A.B. asks: 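Below is one structure. I have some questions about it.
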Amino acid sequence: MAESIRVLLSEKEVDERIQAIGEQISKDYQGRQVHLVCVLKGGSFFMCELAKRITVPVSLDFMSVSSYGSDTKSSGVVKIVKDLDESLKDKDVIVVEDIVDSGRTLSYLLEMLKDRGPRSLRLCTLLDKPERRVVDVKVDYTGFEIPDEFVVGYGLDYDQRYRNLPYIGVVEFN
């Protein structure tokens, strides 16, 4: 089955929104350090761009959680592939995700991270699909709310392809 990509959000739109989120986080955490936890692989593009736009001190860590495989819908089965390298104890933590749709993965992840004793724990996502929500998840910083379409680019992939697109596109199966 062949697919094509239709632009949903341009590179300029994404860049401007990340700048605004970085400014808001800088304001909210003024006088403190923020610890960004990136959910790999998709969140890496967003987190790197976001971190460059935050003006308070920033530290970074990465974890990999899988619930998709090579399908276009979340399987609901969450697997931790790579855990954090650093303790979250007494840190102001922001989990940085590429997309929130069903909420299953993030609900599990946030509960697990909460048990590790951070001073605060918030969620930042580039994209949010609220109409797909199965589990309620509070998103503190949202780039864009998008319709229920399968998207790629800016770190998001379809079977490991299209992550490097500098915009958000919709996969259209021909």
Side-chain angles (χ1 to χ4, degrees), residues 1-26 28-29 34-55 58-75 78 81-82 84 93-107 109-110 113 122-133 137-174:
M1 171 169 34
E3 68 266 0
S4 58
I5 309 300
R6 172 177 47 87
V7 176
L8 179 66
L9 298 164
S10 72
E11 182 175 6
K12 183 175 190 274
E13 289 173 292
V14 173
D15 187 60
E16 288 172 353
R17 186 65 190 125
I18 293 172
Q19 177 66 38
I21 295 169
E23 289 171 3
Q24 185 62 54
I25 289 171
S26 299
D28 293 350
Y29 288 88
V34 66
H35 186 69
L36 302 180
V37 171
C38 176
V39 181
L40 293 170
K41 296 175 184 169
S44 60
F45 286 69
F46 176 43
M47 186 174 84
C48 289
E49 292 302 315
L50 180 63
K52 291 190 300 189
R53 290 161 173 85
I54 296 173
T55 58
V58 173
S59 56
L60 311 172
D61 205 348
F62 300 85
M63 71 184 316
S64 183
V65 181
S66 175
S67 66
Y68 279 88
S70 61
D71 201 356
T72 61
K73 289 193 170 22
S74 175
S75 65
V78 178
V81 179
K82 182 216 175 293
L84 298 172
V93 176
I94 300 176
V95 174
V96 180
E97 179 64 286
D98 54 0
I99 190 166
V100 178
D101 53 22
S102 73
R104 287 185 187 110
T105 302
L106 281 169
S107 175
L109 179 63
L110 292 170
L113 295 178
R122 289 186 171 174
L123 175 60
C124 178
T125 188
L126 179 59
L127 304 173
D128 190 4
K129 286 187 190 177
E131 69 186 82
R132 290 253 313 134
R133 202 76 85 242
V137 174
K138 181 180 186 281
V139 181
D140 300 284
Y141 303 99
T142 302
F144 301 91
E145 280 193 12
I146 62 169
D148 186 14
E149 298 181 287
F150 193 78
V151 291
V152 293
Y154 224 90
L156 294 115
D157 75 296
Y158 171 59
D159 201 19
Q160 297 300 325
R161 297 189 323 254
Y162 307 116
R163 285 189 197 279
N164 61 320
L165 296 176
Y167 56 86
I168 303 298
V170 175
V171 178
E172 296 180 333
F173 297 97
N174 306 323

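Reckoned from all heavy atoms, side chains included, excluding hydrogens, waters and symmetry mates. It should be emphasised that the depicted structure is a prediction, and the values quoted were computed from it without experimental measurement.
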A.B. asks: Are any non-hydrogen side-chain atoms of Arg122 and Asp28 less than 4.5 angstrom apart?
C.D. replies: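 Touching, per the 4.5 Å side-chain cut-off.
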A.B. asks: Can you check side chain to side chain contact (heavy atoms under 4.5 Å, CB included) on Leu60 and Cys38, steps first, answer last?
C.D. replies: CA-CA 7 Å; Leu60 311 172; Cys38 176; over 6 Å; no
A.B. asks: Atom CD1 in Ile99, atom CG in Leu106: separation rounded to 0.5 Å?
C.D. replies: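 The CG atom of Leu106 is 10.5 Å from CD1 of Ile99, to the nearest 0.5 Å.
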A.B. asks: Which distance, rounded to the nearest 0.5 Å, do you find between the CD of Glu3 and the OH of Tyr162?
C.D. replies: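 Rounded to the nearest 0.5 Å, the CD-OH separation comes out at 3.5 Å.
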A.B. asks: If only atom types and distance count, is the side chain of Asp140 paired as donor or acceptor with the main-chain N or O of Leu123 below 3.5 Å?
C.D. replies: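 Present.
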A.B. asks: For the atom pair CG (Leu109) and CZ (Arg104), what is the distance rounded to the nearest 0.5 Å?
C.D. replies: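 Interatomic distance, Leu109 CG to Arg104 CZ, rounded to 0.5 Å: 15.5 Å.
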A.B. asks: Say whether, by atom type as modelled, one donor and one acceptor occur between the side chain of Ser64 and the main chain of Val81 under 3.5 angstrom.
C.D. replies: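 Absent.
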A.B. asks: Nearest 0.5 Å, what's the CG-CD1 distance between Leu36 and Ile54?
C.D. replies: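 That separation rounds to 4.5 Å.
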A.B. asks: Apply the test side chain to side chain contact (heavy atoms under 4.5 Å, CB included) to residues Leu9 and Tyr154: give CA-CA distance (whole Å), side-chain angles for both, the deciding distance (0.1 Å), then the verdict.
C.D. replies: CA-CA 10 Å; Leu9 298 164; Tyr154 224 90; over 6 Å; no
A.B. asks: Write down the atom of Arg133, the atom of Lys129, and the distance for their closest heavy-atom approach.
C.D. replies: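 Closest heavy-atom pair between Arg133 and Lys129: NH1-O, 3.5 Å.
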A.B. asks: Quick one: are Arg53 and Asp15 in side-chain contact, heavy atoms under 4.5 Å?
C.D. replies: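 Touching, per the 4.5 Å side-chain cut-off.
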A.B. asks: Looking at every non-hydrogen atom in both residues, tell me the closest pair between Ser59 and His35 and how far apart they are.
C.D. replies: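 Where Ser59 meets His35 most closely, the heavy atoms are OG-ND1, 2.6 Å.
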A.B. asks: Measure the shortest side-chain to side-chain distance between Phe46 and Leu127 over non-hydrogen atoms and say whether it is less than 4.5 angstrom.
C.D. replies: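 The answer is no, as the side chains (C-beta and beyond) never meet within the 4.5 Å cut-off.
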A.B. asks: Is any side-chain heavy atom of Ile25 closer than 4.5 Å to one of Leu50?
C.D. replies: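 In short, these two side chains touch, coming nearer than 4.5 Å.
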A.B. asks: As an exercise, state the distance from OH of Tyr141 to CD1 of Ile18, rounded to the nearest 0.5 Å.
C.D. replies: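 Here the interatomic distance stands at 15.5 Å.
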A.B. asks: Is Asp98 paired with Lys41 through a side-chain N to carboxylate O contact shorter than 4.0 Å?
C.D. replies: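 The answer is no: the pair does not qualify as a salt bridge.
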A.B. asks: Search all heavy atoms of Ile21 against all heavy atoms of Cys124 and return the closest pair with its distance.
C.D. replies: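 That closest heavy-atom pairing would be CG2-SG, 3.9 Å.
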A.B. asks: How long is the span from the CG atom in Leu156 to the CG atom in Leu126, to the nearest 0.5 Å?
C.D. replies: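 Between atom CG of Leu156 and atom CG of Leu126 there are 7.0 Å.
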A.B. asks: Does the side chain of Val14 come within less than 4.5 Å of Glu49's, by heavy atoms?
C.D. replies: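 When only atoms from C-beta onward are counted, Val14 and Glu49 do not touch, as no gap falls below 4.5 Å.
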A.B. asks: Looking at Arg163 and Gly155, what are the two nearest heavy atoms and their distance?
C.D. replies: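 Closest heavy-atom pair between Arg163 and Gly155: NH1-O, 2.6 Å.
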A.B. asks: Can a salt bridge be assigned to the pair Glu13 and Arg17 using a cut-off of 4.0 Å between side-chain N and carboxylate O?
C.D. replies: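 Salt bridge absent between Glu13 and Arg17.
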A.B. asks: Checking the side chain of Thr142 only, and the main-chain atoms of Phe144 only, is there a donor and an acceptor separated by less than 3.5 Å?
C.D. replies: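 No, the answer is negative, given that no donor and acceptor are paired below the 3.5 Å cut-off.
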A.B. asks: Could you check if a side-chain atom of Asp157 sits within less than 4.5 angstrom of a side-chain atom of Gln160, using non-hydrogen atoms only?
C.D. replies: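 When only atoms from C-beta onward are counted, Gln160 and Asp157 do touch, with a gap below 4.5 Å.
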